[in-house]
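These numbers come from the heavy atoms of this one structure, side chains and all, not from hydrogens, waters or symmetry mates. Position 1 is the first residue of the sequence, and the numbers go up from there. Since this is a predicted model, take the numbers as computed values, not measurements.
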Amino acid sequence: MFASICRRRLLRLRQIPSAAGTNPSWPPNPIDLHFHGNSTSAIAGAAVSEPCPATVSYLISCGLSPAAAAASKRRIRSTDRADAVRALFRSYGFTDADITGMIRQASLILTLDPDRILRPKLDLYASLGIQPRKLASTTALFMRSLDKHLIPCIQFLRGILGTDDAVCRAISGNPRGLTMGDLDRNMRPAVDTLRRLGLPEKSISKLLILNVGVFMISPDRMSEIFEHLKSLGLGVTDSVFVYGIRALSGLSRETWLRRVSLYKSFGLSEGEFVEAFKKQPWIMRLSDEMVTKKMRFYLDELKLELSDLMGQPVLLGYSMEKRIIPRCAVLSVLMREGKIQPNIKLLSALLANARNFSKKYVLRYAHEVPDVVKAYEGKIAFEGFRGRDVLVPLNP
């Protein structure tokens, strides 16, 4: 379907813009954006300095708070058009919550022509299989020109990734990445830089699926990232190299140094930290607060050895609330009931996949010890293993 859409559009375009073609810019203010088919003359609203009572009332009816509605700088001149926009999004599978969130981001979207501006873009995204909730997170996906930006960029991505499914995963992973910059100023130079630095084609594809936002990294900064990763002992052909690029792409040198110092403050040596990073580069993307919270829990509450924890740095990526604490609560219940011994291999239990953990510790004992189900569902709090086995019911 995407190819069919492109063919229809290309009947007018003749060819996808190349490096010698048009070079649309990305203005800083979404109100100034140029839309498919026309410029801002196609917008049925106008910027205002004072809140318009009718607009505020309408936005409140859309689910916005009075404060958010009053903060809108866009007057809605046609509620019929705004209603048509909302109906169009619903027809493509957007929930009312999705639509409210989009309006909260940019009420401007209610003033766009539903059939001439929005529907062709919705058709394009639907042809790729991008879910409405992903699109709803980034209203700018509906602000960029279809012919001058979206189709050329998606075609460029498809030429690298090979399939619409891969393009869908890339855009879904970071929808904002498709709206940033433009094809000839950012995307082509970024990919050319990755090739020049020796990253294999399959790794480039993987990197774009992981984070299409790497298009916005300058060639000089990308070269710095490559050199940094190489200094840590990673090679461009190593499978983890692309994860290293992803981890460093949003970090300044100051943030890197601060976070390394934070990890070392728990007793980690420089060499141990590097080994942990090489296994799971994204440990550097955790906030300082989250690093401290998780390290303290594993070391102080669970009494894990630092070497064991950093030997399995994937543990730092797991959700405490959704995975680790419920599992610990389950084990605590079973210890209390004498079903398992306190000296079980805790790391193995925490690292096991959901199916295996549930089978071994939850389903096996569910009839004898109903509390294991409550604990696994987060309805029993974990208060520690050693000398502090207290079960606290949550939301009874």
Side-chain angles (χ1 to χ4, degrees), residues 156-163 165-167 169-174 177 186-264 266 268-287 290-291 294-295 306-318 347 350-353:
F156 180 69
L157 270 176
R158 195 179 192 281
I160 298 171
L161 301 179
T163 66
D165 177 66
V167 172
R169 285 186 286 146
I171 296 173
S172 297
N174 182 6
N186 306 107
M187 293 186 176
R188 293 189 195 280
V191 173
D192 289 344
T193 297
L194 293 172
R195 289 171 175 156
R196 175 176 57 80
L197 293 172
L199 196 65
E201 289 296 320
K202 64 178 182 179
S203 296
I204 293 176
S205 296
K206 186 173 184 177
L207 179 60
L208 294 180
I209 291 175
L210 287 173
N211 183 14
V212 74
V214 297
F215 279 142
M216 295 305 295
I217 301 176
S218 70
D220 288 345
R221 174 56 184 154
M222 187 62 76
S223 296
E224 292 175 358
I225 290 173
F226 270 62
E227 290 305 312
H228 190 167
L229 292 174
K230 289 178 181 179
S231 73
L232 297 175
L234 290 172
V236 293
T237 58
D238 293 341
S239 60
V240 76
F241 197 85
V242 293
Y243 294 97
I245 297 174
R246 184 190 186 191
L248 296 184
S249 62
L251 293 182
S252 65
R253 176 173 174 78
E254 292 73 20
T255 300
W256 167 271
L257 293 174
R258 186 184 71 250
R259 204 147 291 156
V260 170
S261 296
L262 178 57
Y263 277 109
K264 291 172 70 175
F266 290 95
L268 210 61
S269 69
E270 185 81 24
E272 289 172 326
F273 166 77
V274 170
E275 288 306 309
F277 174 82
K278 288 164 67 174
K279 290 179 180 178
Q280 299 290 345
W282 44 254
I283 63 173
M284 291 301 286
R285 299 306 298 268
L286 298 172
S287 67
M290 191 58 66
V291 170
K294 292 187 174 185
M295 292 291 286
L306 179 62
S307 58
D308 290 336
L309 172 59
M310 300 313 293
Q312 297 288 347
V314 67
L315 288 169
L316 295 172
Y318 291 149
L347 273 179
L350 299 181
L351 291 167
N353 62 44

Are F241 and F226 close enough that some pair of their side-chain heavy atoms sits under 4.5 Å apart? yes

Going by distance alone, is a donor N or O of one side chain under 3.5 Å from an acceptor N or O of the other, for Y243 and K278? no

List the atom of R259, the atom of S287, and the distance in Å for their closest heavy-atom pair. NH2-CA, 4.1 Å

A side-chain contact here means heavy atoms from C-beta on lying under 4.5 Å apart; do Q312 and L350 qualify? no

Mind running side-chain contact (heavy atoms from CB on, under 4.5 Å) on S261 and K264 for me, showing each step along the way? CA-CA 5 Å; S261 296; K264 291 172 70 175; 5.6 Å; no

I need the minimum non-hydrogen distance between L248 and R221, along with the two atoms involved. O-NH2, 3.2 Å

Just by distance, do the side chain of T163 and the backbone of R158 share a donor-acceptor pair under 3.5 Å? no

For T193, the side chain to side chain contact (heavy atoms under 4.5 Å, CB included) test, sequence neighbours excluded, returns R196, L197, P219, M222

So, taking the atom named OG in S249 and the one named CD1 in I217, what distance separates them when rounded to the nearest 0.5 Å? 4.5 Å

Between the side chain of N211 and the main-chain N/O of G213, is any donor-acceptor distance below 3.5 Å? yes

Rounded to the nearest 0.5 Å, the CD1 atom of I245 sits from the NE2 atom of H228 at a distance of 13.0 Å

Sub-4.5 Å side-chain heavy-atom contact between S269 and M310: no

Of all heavy-atom pairs between G233 and D238, which one has the smallest distance, and what is that distance? O-OD2, 4.3 Å

Are the side chains of F156 and F215 in touch, meaning some heavy atoms are under 4.5 Å apart? yes

Could you measure the distance from the CD1 atom of I209 to the CG atom of L157? Nearest 0.5 Å is fine. 9.5 Å

Tell me, do V314 and K279 make a side-chain contact under 4.5 Å, heavy atoms counted? no

Just how far is it from atom CG of D220 to atom CD1 of I225, taken to the nearest 0.5 Å? 11.5 Å

Restricting to non-hydrogen atoms, name the atom on P313 and the atom on A276 that form the minimum distance, rounded to 0.1 Å. CG-O, 3.7 Å

Taking side chain as C-beta onward, heavy atoms only, is M284 less than 4.5 Å from W256? yes

Please examine the side chains of R246 and V214, heavy atoms only from C-beta on, and report whether any two atoms are closer than 4.5 Å. no

Spatial distance of atom CD1 (I283) from atom CG (L316) [nearest 0.5 Å]: 6.5 Å

So R195 and L199, side-chain contact (heavy atoms from CB on, under 4.5 Å) or not? Walk me through it. CA-CA 5 Å; R195 289 171 175 156; L199 196 65; over 6 Å; no

From CE (M187) to CG (L208), nearest 0.5 Å: 9.5 Å

Stepwise, does the side-chain contact (heavy atoms from CB on, under 4.5 Å) test hold for L161 with R169? CA-CA 10 Å; L161 301 179; R169 285 186 286 146; over 6 Å; no

Stepwise side-chain contact (heavy atoms from CB on, under 4.5 Å) test for E254 and R258: CA-CA 6 Å; E254 292 73 20; R258 186 184 71 250; 5.5 Å; no

If we only count heavy atoms from C-beta on, is the M295 to L306 side-chain gap below 4.5 Å? yes

Pair E224 + R253, salt bridge at N-O below 4.0 Å: no

